[in-house]
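Here's the structure, in structure tokens; my notes come after.
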Amino acid sequence: MISQFFILSSKGDPLIYKDFRGDSGGRDVAELFYRKLMGLPGEESPVVMVTKRGHHDDRHFIHIRHSGLYLVATTSENISPFSLLELLSRLATLLGDYCGSLGEGTISRNVALVYELLDEVLDYGYVQTTSTEMLRNFIQTEAVVSKPFSLFDLSSVGLFGAETQQSKVAPSSAASRPVLSSRSDPSQKNEVFLDVVERLSVLIASNGSLLKVDVQGEIRLKSFLPSGSEMRIGLTEEFCVGKSELRGYGPGIRVDEVSFHSSVQLDEFESHRILRLQPPQGELTVMRYQLSDDLPSPLPFRLFPSVQWDRGSGRLQVYLKLRCDLPPKSQALNIRLHLPLPRGVVSLSQELSSPEQKAELCDGALRWDLPRVQGGSQLSGLFQMEVPGLPGPPGQGQSTSAPPLGLGPASLSFELPRHTCSGLQVRFLRLAFRHCSNANPHKWVRHLSHSDAYVIRI
Amino acid sequence: MPYLGSEDVVKELKKALCNPHVQADRLRYRNVIQRVIRMSKLDQWGQAEVLNFLLRYQPRSEEELFDILNLLDSFLKSSSPSVVMGAAKLFLILAEKFPHVQTDVLMQVKGPLLAACSSESRELCFAALCHVRQILHSLPGHFSSHYKKFFCSYSEPHYIKLQKVEVLCELVNDENVQQVLEELRGYCTDVSADFAQAAIFAIGGIARTYTDQCVQILTELLELRQEHITTVVVQTFRDLVWLCPQCTEAVCQALPGCEENIQDSEGKQALIWLLGVHGERIPSAPYVLEDFVENVKAEAFPAVKMELLTALLRLFLSRPAECQDTLGRLLHYCVEEEKDMAVRDRGLFYYRLLLAGVDGVKRILCSPKSDPSLGLLEDQAERPVNSWASDFNTLVPVYGKARWATISKCQGPERRGLELPNTASFAASGPLIPEEDKERVQESSGSGVLMLVPNLQLTAECFEKAWLSLQVAHQQALPWQGAVHPDTLQMALQVVHIQTIAVSRAGAQPWKAYLSAQDDAGCLFLMELLWEPGNSAVQISVKQSEPRPEALSSFMSVLETVIGTIGDIKL
């Protein structure tokens, strides 16, 4: 049961404020929250905060941050933090579905719609429903979508009449439109977006041995189809759950744990690995899975560092060799290597293996940016730094290859389009489209892995 | 009213909730509850609400209880964390008397909790980490094999990193200690000073069990010569030396040179304390303290000056020749020039103390230099699940118990009422006996039959208080083969109604255990088992709240039997 709900912009301006119970305070609560958040001492967590007014009136703030906004709920009861956090993130998804995307601009353009939604979702602080299907019947306001002119849009026009490849790929903003826009714009296509997204966290010891691999995967669906239309998602047939199950002839694609959305019907899952569901419009996480310690494919990146440290003159030389072990046809994008350096590093000179790379010092760390790396290729960088005033223990040699304390561990962040680390693929996405009024719906299936924490000790 | 479904279901529920007639009629009420549980087509909010509502229901029989648990079992496998946690809480509370069911539930929750801990939503991750810590308080080994899940990543926000370090510190065991320490050492050089210091304190916490490895890591950190690291390491050393005297030698060797890199009050105090108490093992101690005395005029913190006075006086007792001159100068400064009254008074006090003679000073200042038993009482390892089951899935673990206490303390008197039974139970279990019972006590003690009260719940604080206030009534050595697994010991003692207050981890040296029991006449027995490695006997000291030799002798025979039995198991 929540007392108030409000949305603040990243700068603390209240965008939305709603009081459900009228039992505590006025609008200044939002300001109070922001002031508390900013003045929080380092060791306290901002997720839940308490404020007092008088004797019987404790108010707890619980908030999440979502695309730069603060979504905050207040309550005066000792309620379940999990429910409340889940409600807030569900609200964020709902607002995203109805307004197209969630952001400061879209919220302030759609204030009426947001209030209407909140009225239906919560009554006197109690959740009524959060299902898109139910809410559709009550929501009258239509979302205001603005399409700002952007130079990037020109790319899809097809310069000089040449047919570029763009038409085969959905533009990145295609999925960010409101679910209810069909009334205003009948020409909108029926589209389904299906994403298999994996987050990879890896820890590699300094001798190169693998200490930890952890893959968190989800299958996310965003549907603009009329609700009630059934779809079937076929997964790789060799997909096994748990340690003991065996399927197919190969090593199989194994995950440790799977959980499904409650609307998924699993009658064909055992035999053919097919998920059957009737998705509501909007966004939905169909399946979540985890995999740890046992990856079927090699790790995407290996780092071979070598460090030369001359204690006498304070010169530190780091040679980094980065090998990409993806199949030759795949590539990795937006690779960034972050290497913390000992305190007091002053200068950096670099020799990089290709001109598109960039390296710089920031916040006492080395940042090496590589826009793209092709599978199977190898890149290197040589960095020389001055570290004055880092005296080593006496009685040791002047120049050693032992790294000074405070160097490392290196962490990598990257994206791997069209690649899943677990090997899970969507075989097909079939729509049983009975009352087919429109043209054939468009289906976009995408596979993507990105790094959560890819740490290599030095 | 939250939305739970169509009209008739809600009507049914409302009836159950509001109508006292339905509630009075057990059978009808039970039927309603059963129907509520079987309600299909609830969305996750409805499920969470039903689980919450069921917390108020008290099943009549064991059979009914397990019926309910079976019906709700599917909720534990829900994909929504709030439903899983709500179900877990309900199970923990309903199965209050079935510890194995509780353990089983916590096993089932492990998967969803770990998934939430690595969830993309930072806030959910934080709430899950807080609950992991809560579970670890009762089941220290519960997440040990998953320690890698709690390694911090560079991009995480500060508050999550701090929680993860705490979790790592709590789940450490023989198998993973090497990897955990290596990971923590990496955090010590983090760019954020706060996080680095938290990691160092965490290593200090682990050092209570795995002393040698941790002291080595901490010593290496001193070589960095960075202020924010050195000061925390020295503070950690101070706390460690007090609890684990076996590391004193290593600490003393690491200390020289630290004084150059400490600027803050806390760090200076810790260093000066160490130099004062263990100065006789550090050759340069008097000269380091002399430097501090030289600069005492520029010293900004009164607390440092106080510490300096005490430390120098202590060192003077063990190394008079080197300290006399310095001490004289410091006392002169404190009495004549110091403007802070507390420091001046302390100076005068020590001066007068010295006038009274060195023997007197020795008697007053030379207190014990360590107290290993303090650590045991402090970490009171295992708390029963039932003590926090009602806080599970609420804001209490998220705030942390201590902060929650301050939050709810300022609330109205109805909350304070909740705390009362706690103190009442302390009074009942403590040695206080109402006047009219006294005679009965005297009578029953004459009969010579010893009956120990089952389920004595003495808190560690009460134990400590009572232990310190009583004299040793009986001491005895019993044959002992070596360290027993704490669980075995606890089980065996439980059979004869002896409560275990605190036990050293297996392999600790010296190994200690603190136990307590109470007989039906209200007489409290407190005992300490002390076992030095290489010894074939365990030293037992018993304290008694009332001097009654018959009860004591029959109690000793009970204890002897138990200890003998455990020895046999070991063989």
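None of these values were measured; they are calculated from a predicted model. A note on names: the letters A, B, ... follow the listed sequences, proteins ahead of strands, and every chain is numbered from 1.
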Proximity breakdown for B:Ser192 and chain A, heavy-atom pairs closer than 4.5 Å: neither
Structural part of A:Ile64 lying under 4.5 Å from a heavy atom of chain B: both
Atom group of B:Gln163 that falls short of 4.5 Å from chain A, counting heavy atoms: neither
Whether B:Glu123 side chain and A:Arg65 backbone form a donor-acceptor pair below 3.5 Å: yes
Contact class of B:Ser121 relative to chain A, heavy atoms under 4.5 angstrom: neither
Nearest heavy atoms of A:Glu257 and B:Gly111, plus distance in Å: OE2-CA, 3.8 Å
Side-chain donor/acceptor of B:Asn393 to backbone N/O of A:Ser80, under 3.5 Å: no
Residue part contacting chain A, namely of B:Arg122, when any heavy atom lies under 4.5 Å: neither
Side chain, backbone, both or neither of A:Leu88 within contact of chain B (heavy atoms, under 4.5 Å): neither
Contacting moiety of A:Asp256, where chain B heavy atoms sit under 4.5 Å: neither
Donor-acceptor under 3.5 Å (B:Tyr399 side chain, A:Met49 main chain): yes
Toward chain B, the part of A:His338 with a non-hydrogen atom under 4.5 Å: side chain
Closest contact, heavy atoms only, A:Arg199 versus B:Ser118: NH2-O, 2.7 Å
Atom group of B:Val396 that falls short of 4.5 Å from chain A, counting heavy atoms: both
Residue part contacting chain A, namely of B:Glu156, when any heavy atom lies under 4.5 Å: neither
Whether A:His60 and B:Trp404 hold their rings parallel, tilted or perpendicular, with breakpoints at 30° and 60°: parallel
SB check B:Glu120 A:Arg288 (cutoff 4.0 Å): no
B:Trp45 to A:Ser83 - nearest heavy-atom pair and separation: CZ3-O, 3.8 Å
When B:Lys149, B:Lys89, B:Gln179 are compared by non-hydrogen pairs under 4.5 Å with chain A, the top option: B:Lys149
Residue A:Val455 versus chain B: region with a heavy atom under 4.5 Å: neither
Residue part contacting chain B, namely of A:Glu218, when any heavy atom lies under 4.5 Å: side chain
When B:Leu395, B:Val191, B:Val398 are compared by non-hydrogen pairs under 4.5 Å with chain A, the top option: B:Leu395
Heavy-atom pair of closest approach, residues B:Ala127 and A:Leu85: CB-CD1, 3.9 Å
Side chain, backbone, both or neither of B:Ala128 within contact of chain A (heavy atoms, under 4.5 Å): both
Contact origin within A:Glu86 toward chain B - heavy atom pairs under 4.5 Å: both
Main-chain N/O of A:Lys212 paired to B:Lys148 side chain as donor or acceptor, under 3.5 Å: no
Nearest heavy-atom neighbours spanning A:Gln128 and B:Asp43: O-OD2, 4.4 Å
Side chains of B:Ser79 and A:Phe260 in contact at under 4.5 Å (non-hydrogen atoms): no
